[in-house]
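Everything below concerns the one structure shown next.
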Amino acid sequence: MNIFNDFTGRVKAAVRAAKFDGLAADDLDRVIVEPPRDASHGDLASNAAMVLAKPLGLKPRDAAVRIAAELARDPDIDAAEIAGPGFINLRLRPGYWQAVLKGIVAAGEAYGHSRLGKGEKVNVEYVSANPTGPMHIGHCRGAVFGDALASLLAAAGHDVTREYYINDAGAQVITLARSAYLRYREALGEDIGEIPEGLYPGDYLKPVGQALADEFGGFLVDRPEGEWLPVVRDRTIAAMMAMIRDDLKMLNIEHEVFFSERSLQEGNAGKVAAAIEALRAKGLIYQGRLPPPKGQIPDDWEDREQTLFRATEFGDDVDRPLMKSDGSYTYFASDIAYHYDKFRRGYLNMIDVLGADHGGYVKRMKAAVTAISGGEAELDVKLCQLVRLFRAGEPVRMSKRSGDFVTLRELVEEVGPDPVRFMMVFRKNDAPLDFDFQKVTEQSKDNPVFYVQYAHARAASVFRQAVAEMPGVERNVEALIHAPLEKLSDSGEIGLIRRLAEYPRIIEAAAEAHEPHRIAFYLYEVASEFHAQWNRGKELPQLRFINHDDSDSTLARLALVHATKLVLSSGLAILGVSAPDEMR
RNA sequence: GGCCCCGUAGCUCAGCGGAUAGAGCAGUAGCCUUCUAAGCUAUUGGUCGCAGGUUCGAUUCCUGCCGGGGUCACCA
């Protein structure tokens, strides 16, 4: 029920009915109907005449006259006015917005959800933190962003899979195993002294060491590394992943698929080799030398022949190596195989959520996806910028010493999941974000999380109030649908309905752009208008939602409050933020 | 040096092909001191980094500069 799409269709029909000469089918593609910039322009605005003027060889206003004449025949349209450079501004019949409100109440929780995605499969890969320690603040934004994006796409009618890529194959994971092995010996009573440079010093490995001691006793102590390492590694990775999942659960984030990098290389699968062979068959693999990077040549640069992927054929800046000098695969090679696997699982739409420090990686990954799918699959990489922590305006200093940064767990335990989730997405993903521990828990207008949640709570409160004060009034959904909505005539009330009417459009636009922050900003606007209307009742008691002398008005306004509450809770659900009925 | 992202009101940021560029904070001026639950209303403030280009029309798209950040074989 996207009225803007609805009227876009009507405008296009009007254009056809006007029987212009020389109109091509795709000329109509750019025709849209939008909310007007200014309420004085009417209810809806279309760019049709301006867009069509060129192909038709007419002046915009001349084309507009003919289109407007056709539109005027629509019974929902009271007037089609031409303004500015050729806008067609539509004024809708009285009662139209009230009918929209009725539609929202009738649609209930499904309101705003769209079939735009046509059930197509989308894979959203996010978090994918290395399994070497607890989640920290750096992971948090991508985690929340990815999760909200996944929900958003689902609301827009996609078949979404939430996926986590476990980087369990490289040198880091060996370092992790050695670190855990030390803790194991420590658990057995050995004095291990300082954790050596290069190993992970964090205390979080102590329980892992203890668990290993419990399981193996002293059995692993005098064995050669080649024997204990695979065992310790697997146990430790499992423990780290369990910890990470617990951390994520605090933010209500749960992935459906955990995909192991190592599974691509090990055993008889050989998926990395297979992916490389698939590229080789397309003539995209060769042995060659790479020029050293300009500007700054690494100290240990060695000019050697290596196995390269022709990424430059797909827009990358240089061809990319797939094998390290020790003969093992590069991370990129594994990642190609991973995305090949996604493609073979039927995902033609893939989204990777990464930190901004991976910006240099996107061209090659997009190139790889294009190459490996023969151009069938599309990858979008969303980069999340840094989060800067503050406390009451003062930057929170984070020591460089490893293991001493703010963990996700500490963050959520202090402020709760809702502020974290809301604030992480209350900014465009590629803009840096300031997060203030104190501000986000304030119960004031200055705190957007509170402001939006409070609007929902206030809506719930109005209903509680109605029960208490006017026990005679039926307030169930059926009664609200049939409420005498013509009682809603105040400009603030109609304005709020118009705002609510935008919700389906916001979802579709945000989903198409892969930008969940638009939902957060929209909810802020809804909350703002709702609060404003509530406040107007202070000055003008006749505008109060609950009016003892007028059960018709009250019921109509309860329908509006109900619809507002629906939109707020729906949008908050997409963001993964709770919609409380009271704030105490 | 190459590549990517960002330069919009004093501050933090929306807007990303359309009509006089928006919001919050701060500032200013009132109101409220009580009720519908953590104030309310109004208002000041902008060559949309600079210069070209595409377009009927550019903050929005393209190119080049300037400024800030990130990144730059064999780490993940």
Side-chain angles (χ1 to χ4, degrees), chain A residues 30 32 34 36-38 41 45-47 49-51 53-54 59-61 83-87 89 128-130 132 165 167-173 261 289-298 300-304 306 308 316-328 330-332 334-335 355-363 381 383 385-386 426-434 439 442-448 450-451 454 457-458 461-462 464-466 469 513 515 517-518 520-522 524-525 528 531-532 534-539 541 543-547 582-584:
Chain A
R30 290 175 57 210
I32 54 168
E34 298 175 297
R37 180 184 291 288
D38 191 313
H41 294 146
S46 178
N47 64 352
M50 294 181 290
V51 167
K54 178 94 177 232
K59 289 180 184 167
R61 296 188 70 107
F87 283 100
N89 291 329
S128 298
N130 294 333
T132 53
Y165 184 49
N167 301 138
D168 54 2
Q172 289 192 18
V173 133
E261 178 186 359
R289 290 171 190 280
L290 239 35
K294 291 205 170 69
Q296 194 176 355
I297 298 171
D300 54 347
W301 173 265
E302 53 174 304
D303 184 23
R304 66 179 181 90
Q306 45 189 341
L308 298 168
D316 199 1
D317 307 309
V318 294
D319 292 338
R320 302 292 178 177
L322 301 177
M323 309 281 275
K324 301 182 206 169
S325 46
D326 68 359
S328 62
T330 58
Y331 179 80
F332 180 51
S334 296
D335 219 1
D357 55 340
H358 290 70
Y361 196 67
V362 335
K363 275 191 182 184
V381 181
L383 300 175
Q385 269 289 356
L386 292 176
F426 196 58
R427 195 108 304 173
K428 214 165 25 180
N429 61 291
D430 49 15
L433 182 155
D434 294 345
K439 202 169 165 189
E442 268 172 22
Q443 300 215 334
S444 81
K445 188 181 184 318
D446 301 345
N447 174 10
F450 173 76
Y451 191 64
Y454 177 42
R458 178 170 267 177
S461 162
V462 169
R464 285 193 297 271
Q465 205 84 24
E469 296 184 18
E515 291 184 347
H517 76 275
R518 296 191 194 197
F521 282 96
Y522 169 74
Y524 187 83
E525 288 174 347
S528 175
H531 287 311
W534 191 89
N535 284 319
R536 289 183 71 205
K538 283 187 168 173
E539 286 292 312
L543 287 181
R544 294 184 175 199
F545 295 131
I546 298 169
N547 189 336
E582 52 185 347
M583 299 300 287
R584 299 177 201 285

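Order of the sequence lines sets the chain letters (A, B, ...), proteins ahead of strands, with each chain counted from 1.
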Task: Rounded C1' spacing from G57(B) to C72(B) in Å - done: 40 Å
Open item on the list: Any base atoms under 4.0 Å from P60(A), or only sugar-phosphate, or nothing? Heavy atoms, all strands.
Closed with: nothing
- [ ] To the nearest 0.5 angstrom, please state how far the CZ atom of R544(A) sits from the CD atom of E539(A).
- [x] 10.5 Å
TODO: Report the relative orientation of the aromatic rings in H517(A) and F521(A); use parallel for angles under 30°, tilted for 30 to 60°, perpendicular for over 60°.
DONE: perpendicular
Open item on the list: Any base atoms under 4.0 Å from N89(A), or only sugar-phosphate, or nothing? Heavy atoms, all strands.
Closed with: base
Open item on the list: Students often get this wrong, so: under 4.0 angstrom with heavy atoms, is V173(A) touching a base, only sugar-phosphate, or nothing?
Closed with: nothing
TODO: Sequence neighbours left out, what passes ring-ring contact (aromatic ring centres under 6.0 Å, His included) with Y522(A)? Give chain and number order.
DONE: Y503(A)
Task: Touch class at under 4.0 angstrom, heavy-atom based, for A457(A) against every strand present - done: base
TODO: Let me have RNA chain B in dot-bracket notation, would you? Count Watson-Crick plus G-U wobble pairs, both distances under 3.5 Å, and use [ ] for pairs crossing earlier ones and | for inter-strand partners.
DONE: (((((((..((((....[...)))).(((((.......))))).....(((((..]....))))))))))))....
Task: Side-chain donor/acceptor of N130(A) to backbone N/O of T132(A), under 3.5 Å - done: no
TODO: Grab the CZ-C1' distance between R536(A) and U41(B) for me, whole Å please.
DONE: 11 Å
Open item on the list: Quick check for you: among A14(B), C74(B), C75(B), whose closest atom lies nearest to any side-chain atom of T330(A)?
Closed with: C74(B)
Task: Side-chain N or O of Y454(A) closer than 4.0 Å to phosphate OP1/OP2 of A38(B) - done: yes
Open item on the list: Tell me whether the side-chain N/O atoms of R458(A) come closer than 4.0 Å to OP1 or OP2 in A38(B).
Closed with: yes
- [ ] State whether K363(A) places a side-chain N or O below 4.0 Å from either non-bridging phosphate oxygen (OP1 or OP2) of C72(B).
- [x] no
Open item on the list: Work out how far the C1' atom of G27(B) is from that of G17(B), and round it to whole angstrom.
Closed with: 35 Å
- [ ] Calculate, to the nearest 0.5 Å, the distance between atoms OH and OG belonging to Y454(A) and S444(A) respectively.
- [x] 11.5 Å
Open item on the list: Just verifying a value: how many Å separate D168(A) CG and S334(A) OG, rounded to the nearest 0.5 Å?
Closed with: 9.5 Å
TODO: Using the closest heavy atom to pick a nucleotide of RNA chain B for each, name whichever of K54(A) or D38(A) lands nearer the 5' end.
DONE: D38(A)
Task: Nearest-Å distance once atom C1' is located in both A38(B) and A42(B) - done: 22 Å
TODO: Remember a base hit wins even if backbone is also touched, and classify R30(A) as base, sugar-phosphate or nothing at under 4.0 Å, heavy atoms.
DONE: base
- [ ] May I ask you to say what R289(A) touches in the nucleic acid, namely base, sugar-phosphate or nothing, with a heavy-atom cut-off under 4.0 Å?
- [x] nothing
Open item on the list: Would you say H358(A) places a side-chain N or O within less than 4.0 Å of OP1 or OP2 belonging to C75(B)?
Closed with: no
- [ ] Pick the P atom in G46(B) and in U54(B), then give their distance to the nearest Å.
- [x] 31 Å
Task: SB check K439(A) E442(A) (cutoff 4.0 Å) - done: no
Open item on the list: Using a 4.0 Å heavy-atom cut-off, does E302(A) contact any base of the nucleic acid, only the sugar-phosphate backbone, or nothing at all?
Closed with: base
Task: side-chain N/O K445(A) vs U41(B) OP1/OP2, d < 4.0 Å - done: no
Task: C40(B) to C32(B) separation - P atoms, rounded to the nearest Å - done: 15 Å
TODO: Using the P atom as the reference point in each nucleotide, state the distance between G10(B) and C5(B) in Å, no decimals.
DONE: 27 Å
- [ ] Taking only the side-chain heavy atoms of H517(A) (C-beta and beyond), determine which of A14(B), A38(B), C75(B) contains the nearest atom.
- [x] A14(B)
Task: Note, Y451(A) side chain near H531(A) side chain (heavy atom, < 4.5 Å) - done: yes
TODO: Rounded off to whole Å, could you give me the CG-to-C1' distance for the L383(A) and C5(B) pair?
DONE: 8 Å
TODO: Using whole Å, report how far CG of L322(A) lies from P of A73(B).
DONE: 15 Å
Open item on the list: Classify P432(A) by what it touches in the nucleic acid, base, sugar-phosphate, or nothing, heavy-atom distance under 4.0 Å.
Closed with: sugar-phosphate
Open item on the list: Regarding A45(A), tell me which of base, sugar-phosphate or nothing describes its non-hydrogen contacts under 4.0 Å with the strands shown.
Closed with: base
- [ ] Please measure how far the P atom in C13(B) lies from the corresponding atom in C6(B), and state the result in whole Å.
- [x] 13 Å
TODO: Determine the interatomic distance between P on U60(B) and the same-named atom on G52(B); round to the nearest Å.
DONE: 14 Å
Task: Pairwise side-chain contact, F450(A) with K445(A), heavy-atom cut-off 4.5 Å (strictly under) - done: no
TODO: Determine the contact category for Y361(A): base if any of its heavy atoms lies under 4.0 Å from a base atom, sugar-phosphate if only primed atoms, P, OP1 or OP2 are that close, otherwise nothing.
DONE: base
TODO: Take G170(A) and D446(A), find for each the nucleotide of RNA chain B with the closest heavy atom, and name the residue whose nucleotide sits nearer the 5' end.
DONE: D446(A)
